[in-house]
Amino acid sequence: DPAALVRRFAAIGAARQLQRQAVPMLFAAMTRESDETAFLSLHQSLALALNVAPSSSDAASEAGRAATVAAWRSQCEQ
């Protein structure tokens, strides 16, 4: 959806309803997300879906988002 607010709530809803099954979709969305708040929502939703504590994330910069994606990659590809 073009609206970041919709993407934020969709991520949370998917994690709550689908749990681990949502991980591939959430991770894929995270890799292409450029909106800071939507990215953070995806980050928190992945943690919820995997039942882990979210690490810190610098979603304000492209480099910070790339580092967060790299940190999630190993957990999401298992």
Side-chain angles (χ1 to χ4, degrees):
D1 192 281
L5 181 65
V6 173
R7 295 193 305 275
R8 286 173 48 202
F9 285 101
I12 295 165
R16 286 183 180 158
Q17 291 181 355
L18 300 174
Q19 299 169 353
R20 191 160 181 82
Q21 292 176 330
V23 169
M25 175 195 64
L26 292 170
F27 181 73
M30 177 182 256
T31 64
R32 58 183 185 271
E33 185 59 65
S34 60
D35 180 83
E36 181 179 352
T37 57
F39 185 90
L40 285 174
S41 182
L42 286 160
H43 175 60
Q44 293 166 346
S45 296
L46 274 171
L48 177 64
L50 290 168
N51 198 30
V52 297
S55 62
S56 62
S57 174
D58 175 17
S61 70
E62 186 175 335
R65 290 188 299 273
T68 301
V69 167
W72 276 115
R73 188 172 306 279
S74 65
Q75 287 187 342
C76 293
E77 293 180 346
Q78 291 179 2

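The figures here come from the full heavy-atom set of this structure, side chains too, leaving out hydrogens, waters and symmetry mates. In this text, all values refer to a predicted model and were calculated from it rather than measured experimentally.
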When every non-hydrogen atom of A14 is compared with those of A22, the smallest separation belongs to O-CB, 3.6 Å
What are the two closest non-hydrogen atoms of S45 and A15, and how far apart are they?
-> O-CB, 3.3 Å
With R7 via side chain to side chain donor-acceptor pair (under 3.5 Å) - residues at least two apart | E33
How long is the gap from CG on L46 to CD on Q75, to the nearest 0.5 Å?
->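 So the gap between those two atoms works out to 9.0 Å.
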Spacing of CG belonging to L48 relative to CD belonging to Q19, to within rounding of 0.5 Å |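 One gets 8.0 Å once the value is rounded to the nearest 0.5 Å.
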Do other residues, nucleotides or ligands put more than 12 heavy atoms under 6.0 Å from the CG atom of D1?
-> yes
Ignoring hydrogens and angles, write down the donor-acceptor pairs under 3.5 Å from the side chains of residues 36-44, residues two or more places apart or on other chains.
unit_1, atom_1, unit_2, atom_2, d
T37, OG1, D35, OD2, 2.7
S41, OG, R8, O, 2.9
H43, ND1, W72, NE1, 2.7
H43, NE2, S55, O, 2.7

Report whether V52 and V69 are members of the same hydrophobic cluster (ILVMFWY, side-chain heavy atoms less than 4.5 Å apart, transitive linking).
-> yes
Under a single-linkage definition using a 4.5 Å side-chain heavy-atom cutoff for Ile, Leu, Val, Met, Phe, Trp and Tyr, are M30 and M25 assigned to the same hydrophobic cluster?
->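 M30 and M25: one cluster.
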Which residues satisfy the side chain to side chain contact (heavy atoms under 4.5 Å, CB included) test with A28, sequence neighbours excluded?
-> R32
Just grab all the side chain to side chain donor-acceptor pair (under 3.5 Å) pairs involving residues 58-68, residues at least two apart or on different chains.
-> S57-T68, D58-S61
Residues that, via side-chain heavy atoms closer than 4.5 angstrom, fall in one hydrophobic cluster with F9 =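 ILVMFWY cluster around F9 also holds L5.
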